[in-house]
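Report on one structure; see the data block that follows.
Keep in mind it's a predicted model, so treat the numbers as computed, not measured.
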Amino acid sequence: MKIVTWNVNGIRARKDEVAAFVEREQPDVLCLQEIKASVDHIPKPIADLPDYWSYWHGTKGYSGVALLIKRAREADRPVYLHPEFDHETRFAATRVDGILVASIYVPNGGKDFGAKLRFLEAMAAYVAALRATGDRVVLCGDLNIARTTRDVHPKERNDRAIGQLPQERALFERILAEGGLHDVGRELDPDNDNLFTWWAPWRNMRQRNIGWRLDYVLASDGLAAQSCVSQREVGTSDHAPVVTIFGEGAGS
């Protein structure tokens, strides 16, 4: 099963890039964040891709997530779920091959840091409840936290910057622990100090790979991945798509 997460920073601006990416990569599940568009403003040619069930959960000009599920994986239209703490169209989930897959866009925290912490605390409780019922999950998205110091380029490190604060990182670890989850990207590339998924859109930061790792695939223990790659060369969003391929443990 190939699962992709990508903060597109505006689906209308990136519609052709996303369509080309889907055609090329043929993901089984595509999780998008920051679509910045309501359902009736999703542009062609991606609003209803013929081989995919498409679900758009957004509002005009801000936030928003989407899930695109290959019809070959799910013959019937999936049921989409939202936890109670979903606000500002930041969380959508569905089941694919019996696995709960979520597309998540955690608040940045710059305008309301307390709201970000509350969202993360609710996520921790949510994944703990799923674990208690035996659910297998794959959480995908822009979590707006660099998990550790090494997930930020040395030129960008600042322990007083939102996204690098101790309380955020502690909640990230709590989500992993309480949900029985593993950080697929870091697990498969443990020694890479240049593994980033977001770059500030100035001073050629992306070309120089001076970035942060903000986009993650978190999977239940027992779901084994073969690869997880940040495709820095793809697209004009300030985030890269992260492409993960799961093996037999993920129901493929």
Side-chain angles (χ1 to χ4, degrees), residues 5-9 31 33-34 62-63 65 85-88 90-91 102-128 138-219 221 228-232 235 237-242 244:
T5 184
W6 191 3
N7 179 323
V8 292
N9 192 19
C31 302
Q33 300 88 41
E34 211 171 355
Y62 182 72
S63 191
V65 296
F85 64 89
D86 175 41
H87 72 102
E88 300 178 325
R90 293 182 178 276
F91 196 115
S103 181
I104 306 166
Y105 178 45
V106 171
N108 172 275
K111 293 183 179 179
D112 189 344
F113 187 64
K116 181 178 187 177
L117 296 183
R118 290 190 295 273
F119 190 97
L120 294 168
E121 289 166 352
M123 269 187 63
Y126 176 78
V127 297
V138 178
L139 306 183
C140 304
D142 177 3
L143 302 189
N144 263 314
I145 302 169
R147 183 184 170 194
T148 68
T149 300
R150 76 183 309 181
D151 294 308
V152 183
H153 189 278
K155 292 181 180 293
E156 290 286 287
R157 290 174 187 167
N158 179 355
D159 59 10
R160 293 178 292 178
I162 291 176
Q164 302 182 45
L165 296 175
Q167 55 265 58
E168 297 171 280
R169 287 175 169 165
L171 280 167
F172 196 123
E173 298 305 316
R174 180 176 154 194
I175 288 167
L176 293 176
E178 296 194 8
L181 304 172
H182 57 110
D183 175 357
V184 176
R186 183 54 73 195
E187 186 174 81
L188 292 176
D189 204 355
D191 301 319
N192 187 352
D193 289 330
N194 296 295
L195 179 59
F196 307 125
T197 67
W198 174 83
W199 303 265
W202 51 71
R203 299 199 306 274
N204 295 316
M205 300 287 264
R206 186 168 188 152
Q207 292 82 347
R208 298 157 63 199
N209 199 23
I210 299 175
W212 302 32
R213 189 166 73 106
L214 299 178
D215 304 83
Y216 298 86
V217 176
L218 309 180
D221 293 337
C228 183
V229 178
S230 172
Q231 295 190 356
R232 178 164 62 103
S237 171
D238 50 350
H239 293 255
V242 177
T244 304

Any side-chain heavy atom of [X] sitting closer than 4.5 Å to one from [Y]?
X	Y	result
Trp199	Arg232	yes
Cys31	Val65	no
Ile145	Leu120	yes
Gln33	Thr5	yes
Phe119	Asp112	no
Ile210	Arg203	no
Glu168	Phe113	yes
Leu143	Ile104	yes

When you measure from the side chain of [X] to the backbone of [Y], do you find a donor-acceptor pair of N or O atoms at a distance under 3.5 Å?
X	Y	answer
Asp86	Phe91	yes
Glu88	Tyr62	no
Arg150	Leu195	no
Gln164	Asn158	yes

* To do: Hey, could you give me the CG/CD distance between Asn209 and Gln207, rounded to the nearest 0.5 Å?
  => 10.0 Å

Identify the heavy atoms of [X] and [Y] that sit nearest to each other, and give their distance.
X	Y	value
Ile162	Gly109	CD1-O, 3.4 Å
Ser237	Trp6	CB-NE1, 4.0 Å
Cys228	Thr244	SG-OG1, 3.1 Å
Gln167	Leu117	CG-CD2, 4.2 Å

* Considering the options Asn7, Asp215, Leu214, which one meets the side chain to side chain contact (heavy atoms under 4.5 Å, CB included) requirement together with Asn144? -> Leu214

* Asked: Pairs in or reaching into residues 176-191: which pass side chain to side chain donor-acceptor pair (under 3.5 Å), with residues at least two apart or in two chains?
  -> Arg147-Asp183, Asp151-Arg186, Arg174-Glu178, His182-Glu187, Asp183-Arg213, Asp189-Asn192

* Yes or no on side-chain contact (heavy atoms from CB on, under 4.5 Å) for Leu181 and Leu139, after CA distance, side-chain angles and deciding distance? -> CA-CA 9 Å; Leu181 304 172; Leu139 306 183; 3.8 Å; yes

* In terms of the angle between their ring planes, are Trp198 and His239 parallel, tilted or perpendicular, with boundaries placed at 30° and 60°? -> tilted

